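Note that the structure is predicted; figures quoted are calculated from it, not measured.
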Amino acid sequence: MLSFDVDGPTLWVDDRATGRCDDARGFSIGAYGPWRGTPRLLDLLEDRALPATFFVPGEIVEQWPAVAKDIAASGHEIGHHGWMHETFYDHPSAAQRDIIARSQDLLERTTGRRAVGFRSPSGDIAADTPALLAELGFSYSSSMRGDDRPYRWEIDGRPTDLIEIPAHWELDDYQQFVYNESPPEPQGLDRIASTLATFDNWRREFDGYHRWGLCYVLMLHPQVIGKPQRVRALGRLLDHIGRQGDVWFATGAQIADWWRSRSVVPT
């Protein structure tokens, strides 16, 4: 599963309640994602005829509607990613519902589609989030870390049709490459990993997943992975994966449907 979180400037705003961003430089770091990184990644995917899932906050759909339309027109899936990249664990159920509905309505107006997949910003959900997703008809979430296979969510002790597709920090470009001098991100300013070493790690991780027939989820950000040299390196990684011959590149929705149709629901 190739997944891209098109967070844009929502990672750099000063006030998430209003979307205010007084730091022009910080805004520009995030804006690189939808403005330059996403089109470059769409070209890469088109060149290799590969599907992907793009998780896009509502605020980014509102600010860059043409980017959302391009993603949809290219045949890729658009997943739900909050409105302003909010953490869900500190929002009550009613507020979560409002965030989800607001983004879904805008996405439908912009692209003609509503999301069936959900990725909680920062992977932080509340205890009641899965039940809310199931109630609202989502097919899957990709927010948790506890497995390397999909699984069904159990809610109130009962298995549901809501599928979780776990992702992991070691396959997240943000943990490897993000850097900002002021405010410091990360604290201590000691992280811009080697492109060669990072992609060697990701290739070796894939080889392990492939050996055991698991679900390999790259969790990438256009403002990070969309830099020219990293897109080239990503292309080489995708070529390595594709050469195995028995790998299925699929969207989150396709994976969830496949898993749901084959997993036995306990009685």
Side-chain angles (χ1 to χ4, degrees), residues 3-44 52-72 74 76 78-91 95 98-100 102-107 109-111 115 118-124 169 172-193 195 198 218-231 234:
S3 66
F4 300 93
D5 295 357
V6 192
D7 297 329
T10 62
L11 294 178
W12 305 97
V13 296
D14 302 292
D15 185 343
R16 295 196 181 280
T18 64
R20 179 177 175 181
C21 183
D22 293 328
D23 179 5
R25 181 172 61 174
F27 183 92
S28 73
I29 292 171
Y32 186 92
W35 179 242
R36 292 293 286 163
T38 300
R40 192 173 283 138
L41 291 163
L42 288 174
D43 287 344
L44 173 70
T53 300
F54 289 78
F55 293 95
V56 189
E59 176 71 14
I60 302 305
V61 177
E62 185 173 70
Q63 289 185 325
W64 281 276
V67 171
K69 291 177 181 178
D70 286 346
I71 293 170
S74 298
H76 302 295
I78 300 183
H80 199 292
H81 202 42
W83 180 266
M84 187 60 72
H85 205 268
E86 309 89 344
T87 52
F88 270 53
Y89 73 89
D90 54 0
H91 284 71
D98 288 344
I99 292 168
I100 290 172
R102 185 181 179 192
S103 295
Q104 286 282 57
D105 290 346
L106 177 61
L107 189 59
R109 291 196 304 271
T110 305
T111 69
F118 173 86
R119 174 170 286 165
S120 176
S122 302
D124 296 312
W169 295 127
D172 184 335
D173 61 350
Y174 199 84
Q175 308 305 319
Q176 308 294 330
F177 296 128
V178 71
Y179 180 93
N180 190 52
E181 182 268 330
S182 180
E185 176 69 23
Q187 295 289 337
L189 302 178
D190 59 353
R191 182 177 73 225
I192 296 183
T195 301
T198 297
L218 282 173
M219 186 163 50
L220 308 174
H221 302 74
Q223 63 184 273
V224 178
I225 203 69
K227 303 297 175 62
Q229 81 282 10
R230 294 174 189 162
V231 171
L234 177 59

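In this structure, Pro57 and Trp83 have side chains that are not in contact, with every pair of non-hydrogen atoms separated by 4.5 Å or more.
Using the six-membered ring where Trp is involved, Phe118 and Phe88 have ring planes that are perpendicular, over 60° apart on the 30 and 60° scheme.
Between Ala52 and His76 the shortest heavy-atom distance is N-ND1, 3.1 Å. Between Pro34 and Gly8, the shortest heavy-atom distance links the atoms CD-CA, 3.9 Å. Among all heavy-atom pairs drawn from Ile225 and Arg230, the shortest one is O-CB, 3.4 Å. Scanning both residues, Val61 and Ala68, for their nearest heavy atoms gives CG1-CB, 4.2 Å. In terms of heavy-atom proximity, Thr53 sits nearest to Gly79 at CG2-N, 4.4 Å.
Every side-chain contact (heavy atoms from CB on, under 4.5 Å) that Ala193 has, sequence neighbours left out, goes to Gln176, Phe177, Thr198. Every side-chain contact (heavy atoms from CB on, under 4.5 Å) that Gln104 has, sequence neighbours left out, goes to His80, Ile100, Leu107, Arg114, Ala115, Phe138.
In this structure, CZ in Phe55 is found 11.5 Å from CZ in Phe4, a value given to the nearest 0.5 Å. Atom NZ of Lys69 is separated from atom OG1 of Thr110 by 6.5 Å, given to the nearest 0.5 angstrom. Note that OG of Ser120 is 8.0 Å distant from NE2 of His81, once rounded to the nearest 0.5 Å. To the nearest 0.5 Å, atom CG of residue Leu106 and atom CD1 of residue Ile60 are 11.0 Å apart. If you take CG on Leu234 and CG on Leu220, they are separated by 6.0 Å, rounding to the nearest 0.5 Å. Interatomic distance, Asp173 CG to Thr195 OG1, rounded to the nearest 0.5 Å: 11.0 Å.
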Side-chain donor-acceptor distances from residues 37-44 under 3.5 Å, at least two apart:
from, atom 1, to, atom 2, distance (Å)
Thr38, OG1, Gly33, O, 3.0
Arg40, NH1, Tyr32, OH, 2.9
Arg40, NH1, Gly226, O, 2.6

Audit row: Thr10, Asp7, side chain to side chain donor-acceptor pair (under 3.5 Å) steps and yes/no: CA-CA 6 Å; Thr10 62; Asp7 297 329; 4.8 Å; no
Candidate pair Met219 and Trp169, rule side-chain contact (heavy atoms from CB on, under 4.5 Å), full reasoning: CA-CA 8 Å; Met219 186 163 50; Trp169 295 127; 4.1 Å; yes
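Looking only at distances, a side-chain donor or acceptor of Ser3 sits under 3.5 Å from a matching main-chain atom of Leu218.
Between Arg119 and Asp5 there is a salt bridge, since at least one side-chain N of the basic residue sits less than 4.0 Å from a carboxylate O of the acidic one.
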